[in-house]
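Working notes, structure below.
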Amino acid sequence: MSIANTIQKNVIVALSVLHNQLFTEKNFQINQTKPEFEGDYTIVLFSLVKSLKQSPDAIGNQLGQYLLNTSPELFVGFNIIKGFLNLSISNAFWTTLLQKNYSNIHFGKKENYGKKVMVEYSSPNTNKPLHLGHLRNNFLGWSIAEIYKASGYEVIKSCIVNDRGIHICKSMIAWQKYADGATPQSTGIKGDHLVGDYYVRFENDLKAESQILINKIKLADLSDFNGVVLEKLDKLLITLTKLDEIKDEEKITKLHNEIKEIARNSTQVIAEAKQMLLDWEEDKPEVIELWKKMNGWVYEGFDATYKLIGSDFDKIYYESKTYLLGKYIVQQGLDKSVFFKKEDGSIWIDLTADGLDEKLVQRKDGTSVYITQDIGLALQKYEEYKIDNSIYVIGNEQNYHMKVLQLICKKLDMPNADNIFHLSYGMVELTTGKMKSREGTVVDADDLVDEMIATSQKHTEELGKVKNFTAEELKDLYNTIGLGAMKFYLLRVDPKKTMVFNPEESIDFHGFTGPFVQYTHARIKSILRKESLADYQQPLASSDLLKMEKEVIVMLEQYPDAIKQATIEYNPSVIAMYVFNLAKTFNSFYAEHSIANAETTDKKQLRLQLATMTANILKSGMELLGIRVPERM
RNA sequence: GACUUGGUAGCUCAGCUGGAUAGAGCAUCAGCCUUCUAAGCUGAGGGUCAUUGGUUCGAAUCCAAUCCAGGUCACCA
């Protein structure tokens, strides 16, 4: 139990005894004492004034005295300033804590207690390479998995590969048309990038063809259209003329977008893609073969990237395999009247009673949509692993989709539908604005990682501290630092929030960064290498503590709480901030006091233990972020 | 338009289950390497916590309204 909790319990008992009534942790607040006052922890007394009808000073004096009398081993003094009761904790408590835990590399982590959680993350599309946003996703997913493990969960890391759907057909069609048999081997281009190039090629064709249609529509030439679409266009054009007269810009833009959408959907290339999707779902051999070939290239590319960034999965699901289960469940749901069929054959769910809309779950041509396979997968996960909780690491642009999915799972009476949690993270923007693939402002994951590693190499060489490293050790070090900087940079902010990626800031190795923490660790290790173990394994003779020594131990004590908070909030940034603050506190201590040349042997021993435990926790905490710490740098 | 998330120092972010004089990092300026790794340490300047009103002994934090920005509302995924 943390010291803050211990104090809380003591205060509850004390108040209950002193005032002969029941108190809970909600009746008062406990904080760390601000540095400008004497004491370690502070009880805010104002909230007690009303119910006890006594002055803050009187309540505080009574409480402080009682705590001192009943737990003299823990409390050694108190003072009251303006309604705040500041309690001083005994040095013996801190030194005992240190002595007991300094060599425990599992400090702060809990034993497995039998709960299973699945963390789904990464979930790439197999039509383009990974970019900066995927990196945030991957790092978050990995870190959440590690944090849950540390909290005693059994964790299964999973990934759903979106290897099916009309977007996949797009790159296949462009490849058929333009590639002339080009492969990653023949071109020397990484597989995922090669396929991505053809996806872009398709999008360009689509844009060009739909532009021709739009131009014709603007001239009121509707000869390319017929049926329902023609009727709709007719109506749109009439409304547009009216709007032009009253100059309602907003609505005009909206209508233009609708026309654009119709034009895109009426193009020859889209028709080809749609046909290919149908052929695909009907298992036409030539489509399946092409799909397998191109998917294979993408996986090779992804594998290389995953290996580079240190991401992996215990279970990989493929949409191409789960969509059938999804369709099956949709059929079952139809029989149970959870879903309903419209005249044209499309299948829907009515969520208007829940404040949402009607949602399509299967197209009129019988092919499945995005959510169809998600329904299948949700069930499959539970049946395969009997998991207690399911965490989805998915961008906040899909909040609505996930809300719908959860609702559908509930309506289908799926087990544990309530234990689905969408870890919704914000987009990564650039200093110049949003990333847009169409404008070529997307930051490619492979490029970025390479650049970070190159920067760490340049920086390390300039500092010239690594003369006796082997070539292999150097390579490993550059990787550790470069990736450490990048992961820390992406994980140090609250996942929920949209964040700005500043290239210059991201390669900064000073201050609130991964390399700062790594450096602190390496520096401690350097000292410990020079000291013999025997020097710091004796019991401490004295519990004298300097201010800065105590500050470090107080930080160390809070590690378990940081893990707990990160778990509850699904928030790795809690760990990043904690680890940074610990390193900072230690560095201040380090600059003021010598470890190797401490004043007495007892002091030296205390400081060696302090340094050891700090290094252990820095390593452990960074591991929760998926970041390695070097022994030397 | 509806729903939703956010607005804190020049920049990037903490703090938000109400508590003492609102904190970091970067950037700027001034110091610290004949002693354990200076990727470090110390100090200075920098704030109408979007605005207005409310609740409270006490509001960056809770409530309401307004303004601004992002996201979603597809037979795309």
Side-chain angles (χ1 to χ4, degrees), chain A residues 26 29 31 33-34 36-37 42 44-47 49-50 56 81-84 86 123 125 127 162 164-168 170 250 254 261 264-265 274 319 342 344 346-348 355-357 359-365 367 369-371 373-374 395-401 403 424 426-427 429 431 434 456 459-460 462-463 465 481 485 489 492-494 496-502 504-506 508-520 522-531 573-574 577 580-581 583-584 587-598 607 611 632-633:
Chain A
K26 282 180 184 145
Q29 273 185 7
N31 302 331
T33 305
K34 302 239 167 193
E36 56 269 33
F37 301 100
T42 296
V44 184
L45 301 166
F46 295 105
S47 51
V49 169
K50 233 178 216 171
I81 299 167
K82 292 196 287 180
F84 296 89
N86 301 320
S123 311
N125 282 326
N127 62 340
N162 295 298
R164 193 208 72 90
I166 198 146
H167 58 296
I168 306 294
K170 289 178 179 177
E250 208 172 291
K254 220 173 177 178
E261 205 50 46
R264 282 170 66 93
N265 278 318
K274 278 182 179 166
E319 185 184 340
K342 287 198 177 173
D344 62 5
S346 57
I347 302 177
W348 299 72
L356 304 175
D357 249 329
K359 180 89 182 171
L360 177 93
V361 294
Q362 188 172 306
R363 295 191 189 98
K364 65 184 169 206
D365 64 8
T367 57
V369 288
Y370 181 40
I371 203 155
Q373 63 93 13
D374 268 342
N396 63 11
E397 60 200 350
Q398 297 198 33
N399 284 352
Y400 182 76
H401 172 83
K403 210 166 150 187
S424 158
M427 300 290 102
E429 290 182 1
T431 39
K434 272 185 270 178
S456 79
H459 217 87
T460 308
E462 277 168 12
L463 289 170
K465 294 179 185 176
I481 298 174
Y489 183 80
R492 70 183 195 183
V493 304
D494 188 334
K496 287 194 293 290
K497 292 196 174 177
T498 303
M499 67 172 289
V500 175
F501 181 84
N502 182 333
E504 283 140 48
E505 213 174 84
S506 71
D508 192 355
F509 293 167
H510 305 270
F512 188 19
T513 66
F516 172 92
V517 180
Q518 290 173 322
Y519 176 71
T520 307
R523 202 155 62 166
I524 294 173
K525 285 294 179 163
S526 164
I527 296 169
L528 296 179
R529 248 176 271 128
K530 292 171 191 155
E531 303 295 334
S573 78
V574 172
M577 283 186 290
F580 168 68
N581 281 325
K584 208 166 119 74
N587 283 337
S588 296
F589 156 77
Y590 173 92
E592 282 294 315
H593 305 289
S594 174
I595 295 170
N597 300 315
R607 289 179 190 169
R632 302 183 289 160
M633 69 186 274

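Per chain, numbering begins at 1; letters A, B, ... match sequence-line order.
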Sugar-phosphate, base or nothing in reach of Glu397(A), heavy atoms under 4.0 Å: sugar-phosphate
Rounded interatomic separation in angstrom, taking NZ from Lys50(A) and C1' from G58(B): 11 Å
Atom pair distance, as rounded to whole Å: CZ in Arg632(A) and C1' in G40(B): 20 Å
Sugar-phosphate only, base, or nothing, as touched by Ser526(A) at under 4.0 Å among non-hydrogen atoms: base
Lys/Arg-Asp/Glu bridge criterion (N-O < 4.0 Å) met for Lys496(A), Asp494(A): yes
Protein-nucleotide distance (Arg264(A), atom CZ; A74(B), atom C1'), rounded to Å: 12 Å
Separation of atom CD1 in Ile527(A) from atom P in U35(B), rounded to whole Å: 14 Å
Sugar-phosphate, base or nothing in reach of Tyr590(A), heavy atoms under 4.0 Å: base
Distance-only donor-acceptor test, Ser573(A) side-chain atoms vs A14(B) base atoms, 3.5 Å: no
Euclidean distance, atom NZ of residue Lys497(A) to atom C1' of C11(B) [Å, nearest integer]: 15 Å
For atom NE2 of His401(A) and atom C1' of A74(B), their distance in whole Å: 13 Å
Length of the line joining Gln398(A):CD and U4(B):C1', which is rounded to integer Å: 15 Å
Lys34(A) NZ - G19(B) C1' separation (whole Å): 9 Å
Sugar-phosphate only, base, or nothing, as touched by Lys496(A) at under 4.0 Å among non-hydrogen atoms: nothing
Sugar-phosphate, base or nothing in reach of Ile481(A), heavy atoms under 4.0 Å: base
Dot-bracket notation for RNA chain B, counting Watson-Crick and G-U pairs under 3.5 Å, with | for partners on another strand: ((((((((.[[[[.)...(...]]]].(((((.......))))).....[[[[[..)....]]]]])))))))....
Sugar-phosphate only, base, or nothing, as touched by Phe46(A) at under 4.0 Å among non-hydrogen atoms: base
No-H, no-angle donor-acceptor pair, Asp344(A) side chain to C75(B) base, under 3.5 Å: yes
Sugar-phosphate only, base, or nothing, as touched by Ala522(A) at under 4.0 Å among non-hydrogen atoms: base
First of Lys403(A) and Asp357(A) reached from the 5' end of RNA chain B, by closest nucleotide: Lys403(A)
